[in-house]
Protein chains: 2
Amino acid sequence: MRPVRDALDLLGGKWKLPIIVGLLHGPKRFKHLQREVAGITAKMLSKELKELEQNGLLVRHVEAEGVPVAVTYTLAEYGEQVFPVIEALRVWGQLHRARIMQAASAPTEAAT
Amino acid sequence: MRPVRDALDLLGGKWKLPIIVGLLHGPKRFKHLQREVAGITAKMLSKELKELEQNGLLVRHVEAEGVPVAVTYTLAEYGEQVFPVIEALRVWGQLHRARIMQAASAPTEAAT
DNA sequence: CAGAATCCCTTGGGATACTG
DNA sequence: CAGTATCCCAAGGGATTCTG
């Protein structure tokens with residue numbers, strides 16, 4: 001149980017996992033990432049990225065110092081390791097969706 | 001991504017997963033479960049159990065109507081399916097612990 | 001025992017405006 | 001573009017007390 005709590009401490013909350021998902025397919029810029037993670041505000045994204053970076057899950061890289069500065073975020077190896085967690089969630093989430101659909105289309109006993 | 005969000009909606013938060021872990025090894029009474037899930041208050045446990053039951057993850061069963069009434073909570077098959085998620089979290093959590101330990105005992109480059 | 005009720009504080013997080 | 005700063009509300013969650 002303890003390891004599970006540890007993981008939950010680092011990956012818990014509304015945004016951590018979705019952000020990691022957004023970075024699974026390669027580095028992304030701040031703005032791009034914000035578009036990827038539907039609904040997140042700049043404030044939250046900034047805050048969460050900071051935490052994920054501090055825990056070594058991802059790496060922040062300043063690409064260009066120009067006036068419109070360019071920064072990219074890349075998943076660290078350590079961050080990529082959470083992939084199985086995401087996969088497990090995805091599988092269960094699909095199971096859930098199927099379950100809901102079925103319940104809606106087959107009110108065999110309950111309703112009436 | 002959508003399925004992941006769905007799963008997060010049902011399993012997210014501080015207590016849902018720990019409660020499910022507590023029920024993995026068989027049915028438990030309210031009080032027993034509260035002891036199992038370190039730190040949870042009766043209020044939270046009650047609230048979370050209600051939500052988990054409504055989503056079909058577990059089943060509430062009144063064993064005895066006596067004065068000291070007895071109620072047990074059992075993981076439904078649907079709830080057992082989240083086991084892979086918990087396992088993935090546990091594995092990652094252990095990886096994390098190992099990483100922290102190593103960082104603390106081997107300040108090779110960084111420190112000094 | 002199993003939980004509901006009340007009170008209250010803390011945190012998450014959205015909106016908007018501003019800066020390097 | 002990549003954030004930061006401020007304001008502010010709603011939800012999360014703890015402590016305590018009460019009841020069937």
Side-chain angles (χ1 to χ4, degrees), chain A residues 1 4-5 7-23 26-55 57-75, chain B residues 1 4-23 26-55 57-76:
Chain A
M1 176 73 251
V4 178
R5 288 302 283 261
L8 254 25
D9 284 345
L10 293 193
L11 304 175
K14 192 176 177 181
W15 302 114
K16 299 266 165 53
L17 267 325
I19 288 173
I20 292 176
V21 171
L23 288 174
K28 285 206 173 47
R29 311 259 300 254
F30 188 91
K31 201 86 184 195
H32 188 178
L33 196 47
Q34 188 178 357
R35 256 175 268 124
E36 198 87 349
V37 182
I40 197 170
T41 60
K43 173 184 160 188
M44 274 301 115
L45 183 53
S46 172
K47 199 189 95 190
E48 302 284 277
L49 285 174
K50 221 170 279 175
E51 293 178 19
L52 288 171
E53 190 193 358
Q54 279 169 4
N55 289 317
L57 300 219
L58 54 79
V59 175
R60 188 185 116 113
H61 191 219
V62 179
E63 298 287 343
E65 292 280 9
V67 179
V69 57
V71 176
T72 62
Y73 291 88
T74 310
L75 220 52
Chain B
M1 175 73 252
V4 178
R5 287 302 282 262
D6 288 347
L8 253 27
D9 284 345
L10 293 195
L11 304 176
K14 193 177 179 181
W15 301 114
K16 298 264 165 55
L17 266 326
I19 288 173
I20 292 175
V21 171
L23 288 175
K28 287 208 173 49
R29 311 259 300 254
F30 188 91
K31 200 84 184 196
H32 188 178
L33 196 48
Q34 188 177 359
R35 258 176 264 124
E36 199 89 345
V37 182
I40 197 170
T41 60
K43 173 185 160 187
M44 273 303 114
L45 183 54
S46 171
K47 199 191 95 190
E48 302 284 275
L49 285 174
K50 220 170 281 175
E51 292 178 20
L52 289 171
E53 190 194 357
Q54 278 170 4
N55 289 319
L57 300 218
L58 55 79
V59 175
R60 189 186 116 109
H61 190 220
V62 179
E63 299 288 343
E65 292 279 11
V67 179
V69 57
V71 177
T72 63
Y73 291 89
T74 310
L75 220 52

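Letters go in sequence order (proteins before strands), and every chain restarts at 1. Keep in mind it's a predicted model, so treat the numbers as computed, not measured.
- Residues A:P68 and A:I40 both approach DNA chain C. Their nearest nucleotides, taken by heavy-atom distance, put A:I40 toward the 5′ side.
- B:I19 places a side-chain heavy atom less than 4.5 Å from the side chain of B:I40.
- A salt bridge is absent between A:K14 and A:E48: the closest approach of a Lys/Arg side-chain nitrogen to an acidic carboxylate oxygen does not fall below 4.0 angstrom.
- Judged by distance alone, the side chain of A:K28 and the main-chain N or O of A:Y73 form no donor-acceptor pair under 3.5 Å.
- Atoms CE (B:M44) and P (D:dA15) sit 11 Å apart, rounded to a whole Å.
- Expressed to the nearest 0.5 Å, how far NZ of B:K16 lies from CG of B:L49 amounts to 10.0 Å.
- Considering only heavy atoms from C-beta on, A:L11 comes within 4.5 Å of A:I20 through its side chain.
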With sugar-phosphate taken as primed atoms, P, OP1 and OP2 and all else as base, the protein-contact string of nucleotides 3-10 of chain D at under 4.0 Å (heavy atoms; B, S, -) is SS-BB---

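- The two residues A:L8 and B:P18 have their closest heavy-atom pair at CD2-CD, 4.0 Å.
- Each of A:G39 and A:V69 has a nearest nucleotide on DNA chain C; the 5'-most of these lies closest to A:G39.
- Atom CG of B:D9 is separated from atom C1' of D:dA11 by 15 Å (rounded to the nearest Å).
- Remark: C1' of C:dA2 and NE2 of B:H61 are 15 Å apart, rounded to the nearest angstrom.
- The CZ-P distance, from A:R35 to D:dA2, rounds to 9 Å in whole Å.
- For the pair B:R29 and C:dC1, the criterion of a side-chain N or O lying under 4.0 Å from OP1 or OP2 is not met.
- Here the P atom of nucleotide C:dA15 and the CG atom of A:L45 are 15 Å apart, to the nearest Å.
- Put simply, NE2 on B:H32 is 11 Å from P on C:dA2, counting in whole angstrom units.
- Remark: A:A42 pairs with A:F30, A:Q34 by the side chain to side chain contact (heavy atoms under 4.5 Å, CB included) rule, at least two apart or across chains.
- Of all the residues in residues 14-21 of chain A, A:K14, A:W15 reach under 4.0 Å from DNA chain C with at least one non-hydrogen atom.
- Residue A:K31 places its side chain closer to D:dC1 than to any other of C:dG13, C:dC1, D:dC1.
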For the pair A:L57 and A:L75, evaluate side chain to side chain contact (heavy atoms under 4.5 Å, CB included) and give the outcome as yes or no after the intermediate values.
CA-CA 6 Å; A:L57 300 219; A:L75 220 52; 5.5 Å; no

Could you walk me through whether A:L45 and A:W15 pass side chain to side chain contact (heavy atoms under 4.5 Å, CB included), step by step?
CA-CA 8 Å; A:L45 183 53; A:W15 302 114; over 6 Å; no

